[in-house]
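Have a look at the structure below, then the notes.
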Amino acid sequence: MSAGPKQVLILGGGFAGVYTARRLEKLLRPEEACITLINRENYWVYQPMLPEVISGSIGLTNVVSPIRRLCPRTNLIMREVEVINLQKQIVTISPGFRPRELQLKYDHLVIALGSVTDFHGMPGMVENAMPFRTLADAMVLRNHLIHVLEEADVEENPELRRQLLTFVVGGGGFSGVEVMAELNDFVRSVKKNYLRLCNEPHRCVIVQAGDRILPEMSETLAIFAQRILRKRGVEIILNDRVKSATSEKAILQSDNEIPCKTLISTVPSALPPVIQKLDCPNERGKLLVNTRLELKNYEGKVWALGDCACVKTVAGTQVPPTAQHAIREAAIAAINIAAAVRSGECAEFGFEGRGTLGSLGHGTAIAQICGVKLSGFLAWCLWRCVYLMKMPGLNRKVRIVADWLLHLLFPPELAQTKVAFESGIRKQHFEPGDIIFEQGDLGDNVYVIEEGECEVLHEQKNEQKLLATLNRGECFGEMALLSNRTRSATIRARNATNVLIIPKADFDKLRRSVPAFGEVFGELVKRRSPEGAPHSFLETAGCCGGHPIPTPVAESELGPPAGFAPTELS
């Protein structure tokens with residue numbers, strides 16, 4: 001490792017990751033450590049207040065804070081983590097605008113990637129259930145609720161109208177209960193704005209696998225919450241769970257079916273795939289750490305915290321995946337990283353928790369603080385005060401208070417913020433001389449020429465040679481994509497060219513789902529492999545629609561460089 005500042009790499013921008021960076025900025029001087037944080041977004045989400053985005057009681061952007069302002073001395077990189085090599089101390093992150101792999105070396109690593117929604121073994125859930133974990137999920141759900149209300153207002157079929165007005169939440173923990181409470185309040189408030197829905201009942205259902213909701217709370221408070229929710233018209237189905245779904249219904253483990261167009265899932269969760277691939281000890285499916293939060297077998301180099309780690313206190317208590325624990329874990333990890341940099345004394349995690357709070361909507365909450373149990377309006381005031389104080393930044397606190405006051409004075413907003421998600425398959429225009437992709441780029445798309453011509457160029461020993469010309473109807477780029485190799489040539493537009501671009505994910509779906517599509521490219525791969533295609537480089541262009549391959553040109557005429565497979569157009 002370098003003799004200069006130590007490279008501290010933090011993976012994840014949730015509570016654990018961001019608070020680790022904030023604490024490290026206070027503990028370590030710039031000349032001691034360079035702190036880098038990898039996260040998909042450039043903002044941090046205040047998860048406890050996320051359900052209030054659904055009802056509009058808090059503005060969409062007021063539950064987030066830009067990481068660059070929270071951690072001004074931390075280098076933020078907005079990418080996905082693809083590979084973690086613990087032995088070589090290298091993390092590989094996803095490409096940006098230019099499809100080139102980026103590897104980062106580290107001296108100290110913090111893994112705080114949280115968890116992801118896992119629908120494995122639950123048919124139809126990926127396609128039909130709406131997860132609720134991120135800001136984007138909250139925005140999508142809010143827009144969806146407005147959309148189904150609009151459709152229900154014009155629907156003549158009473159059965160379909162009931163289906164549109166049925167909302168199901170899978171999971172009766174804090175997330176599920178708070179989401180349902182806000183959803184129920186929102187729908188009840190805005191229905192009066194729809195002429196045909198004013199007197200139309202809506203149905204809200206929570207499906208919980210246990211014998212009561214809110215297993216994190218004491219039994220008396222959980223029963224109080226059940227009573228309040230049922231009083232407000234929320235059905236609670238216990239000792240059952242959602243096992244599958246279609247576009248028309250949620251199917252429970254008991255084989256009961258709930259016709260609905262809205263199914264929200266707050267469970268189950270699993271480790272991100274990049275962590276699952278790590279060859280290191282784990283417990284209960286999570287990374288195993290000691291009380292200093294060091295990853296077992298990588299002490300002094302790697303720390304794991306948050307939802308992805310199996311953390312126990314010095315007293316042996318299993319730590320729940322809550323924000324208050326993640327913040328304390330971040331503080332201990334930062335102290336121990338600073339100790340590793342300076343060869344100082346380490347700290348151990350002993351925080352046992354101060355209590356739990358949960359909102360039931362409509363001015364009601366439950367709280368369990370230092371053994372004291374509260375419920376109703378007083379608990380709701382406490383809930384708002386505690387979370388408001390923990391929100392970093394004075395400007396965000398002021399905005400949230402203003403949102404709450406306005407929500408008391410005025411009805412919820414009904415505007416639907418539509419976000420148009422275009423198909424991954426898209427068209428692109430190139431002018432003469434434009435580069436479509438360069439030699440050495442990662443294989444991320446397959447291309448089909450609709451109009452125009454492209455040149456195939458290969459560079460070797462700083463000399464670039466023209467190998468072939470591709471015309472209308474010909475395709476290229478699939479070899480690097482299928483073989484996970486980098487591009488072996490540069491493709492440049494020869495004249496004004498229109499190209500159809502098929503991203504890797506869509507290409508893989510088409511190959512798996514449409515046998516004829518897969519067969520066409522299977523044949524192309526055979527022809528383009530060195531064993532299967534002793535003809536020309538031009539033959540490697542192929543044709544996406546099964547049309548005749550262009551007339552072969554002898555390899556000698558193209559004069560491919562030595563060591564370059566002429567039939568392998570990546």
Side-chain angles (χ1 to χ4, degrees), residues 12-15 39-41 43-55 58 60 63-64 80-81 112-148 166-184 186-187 204-209 213 216 241-253 258 260-276 285-286 306-308 321-323 326 358-359 417-419 421 424 505:
F15 275 95
N39 195 47
R40 288 177 299 180
E41 293 88 17
Y43 56 81
W44 165 81
V45 182
Y46 194 52
Q47 292 282 352
M49 289 184 174
L50 195 57
E52 293 197 70
V53 171
I54 300 171
S55 62
I58 295 181
L60 186 66
V63 295
V64 302
E80 293 268 6
V81 178
L113 289 169
S115 58
V116 295
T117 302
D118 179 23
F119 290 134
H120 180 71
M122 304 172 74
M125 292 291 283
V126 172
E127 299 84 356
N128 301 296
M130 305 174 70
F132 191 84
R133 304 180 72 87
T134 67
L135 183 66
D137 293 339
M139 183 178 179
V140 168
L141 177 56
R142 176 179 167 80
N143 285 330
H144 172 79
L145 293 176
I146 296 171
H147 179 64
V148 295
T166 299
F167 310 95
V168 179
V169 172
F174 273 118
S175 296
V177 168
E178 290 181 344
V179 166
M180 180 55 81
E182 292 294 332
L183 185 156
N184 187 40
F186 176 70
V187 172
C204 292
V205 184
I206 294 177
V207 183
Q208 167 68 347
I213 61 172
E216 306 93 338
R241 68 179 185 86
V242 179
K243 70 171 183 179
S244 60
T246 69
S247 60
E248 305 296 321
K249 59 192 175 184
I251 304 168
L252 308 187
Q253 188 70 45
I258 306 175
C260 64
K261 290 290 186 180
T262 305
L263 172 59
I264 306 158
S265 177
T266 58
V267 291
S269 63
L271 292 185
V274 66
I275 296 182
Q276 294 180 26
K286 297 185 177 184
D307 292 4
C308 67
T322 63
S359 172
T417 312
K418 286 190 176 181
V419 181
F421 293 100

Just how far is it from atom [atom1] of [X] to atom [atom2] of [Y], taken to the nearest 0.5 Å?
X	Y	atom1	atom2	result
Asn128	Ser244	CG	OG	9.5 Å
Thr322	Glu216	OG1	CD	9.5 Å
Met49	Glu178	CE	CD	10.5 Å
Ile258	Leu263	CD1	CG	8.5 Å
Phe174	Thr266	CZ	OG1	12.5 Å
Glu80	Leu113	CD	CG	9.5 Å

Looking only at non-hydrogen atoms, find the nearest pair between [X] and [Y] and report the distance.
X	Y	value
Thr262	Leu141	CG2-CD1, 4.4 Å
Ile54	Arg142	O-NH1, 2.9 Å
Cys308	Ala112	SG-CA, 4.2 Å
Gly172	Val177	O-CG2, 3.6 Å
Arg241	Ala209	CB-CB, 4.4 Å
Gly170	Val242	CA-CG2, 4.4 Å

Inset, instruction - Check step by step if side chain to side chain contact (heavy atoms under 4.5 Å, CB included) holds for Phe132 and Val169. - result: CA-CA 10 Å; Phe132 191 84; Val169 172; over 6 Å; no
Legend entry - Residues forming a side-chain contact (heavy atoms from CB on, under 4.5 Å) with Asp307, sequence neighbours excluded: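 With sequence neighbours excluded, Asp307 shows a side-chain contact (heavy atoms from CB on, under 4.5 Å) to Ser115, Pro321, given in chain and number order.
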Inset, instruction - Check side-chain contact (heavy atoms from CB on, under 4.5 Å) between Gln208 and all other residues, then give those that pass, not counting sequence neighbours. - result: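 side-chain contact (heavy atoms from CB on, under 4.5 Å) list for Gln208, sorted by chain: Ile213, Pro215, Leu238.
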Inset, instruction - Using atom types as modelled and distance alone, determine if a side-chain donor or acceptor of Gln47 lies under 3.5 Å from a backbone N or O of Arg133. - result: yes
Inset, instruction - Spell out, as yes or no, whether a donor-acceptor pair under 3.5 Å connects the side chain of Gln253 to the backbone of Lys243. - result: no
Legend entry - Any side-chain heavy-atom pair of Val63 and Glu52 under 4.5 Å: no
Legend entry - Min side-chain heavy-atom separation Ile146-Phe186 under 4.5 Å: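 Of all side-chain heavy-atom pairs linking Phe186 with Ile146, at least one is under 4.5 Å.
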Inset, instruction - Mind checking side chain to side chain donor-acceptor pair (under 3.5 Å) for Ser55 and listing every partner two or more places apart, or none if nothing turns up? - result: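 Checked Ser55 against side chain to side chain donor-acceptor pair (under 3.5 Å); matches are Ser57, Glu182.
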Legend entry - Parallel, tilted or perpendicular: rings of Phe15 and Trp44 (30°, 60°):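 Correct class here is perpendicular.
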Inset, instruction - Would you check, one step at a time, whether the test side chain to side chain contact (heavy atoms under 4.5 Å, CB included) holds for Val45 with Thr134? - result: CA-CA 8 Å; Val45 182; Thr134 67; over 6 Å; no
Inset, instruction - Verify the neighbour count for atom NE2 of His144: are there more than 12 heavy atoms of other residues, nucleotides or ligands below 6.0 Å? - result: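 For His144, atom NE2 is crowded (more than 12 foreign heavy atoms under 6.0 Å).
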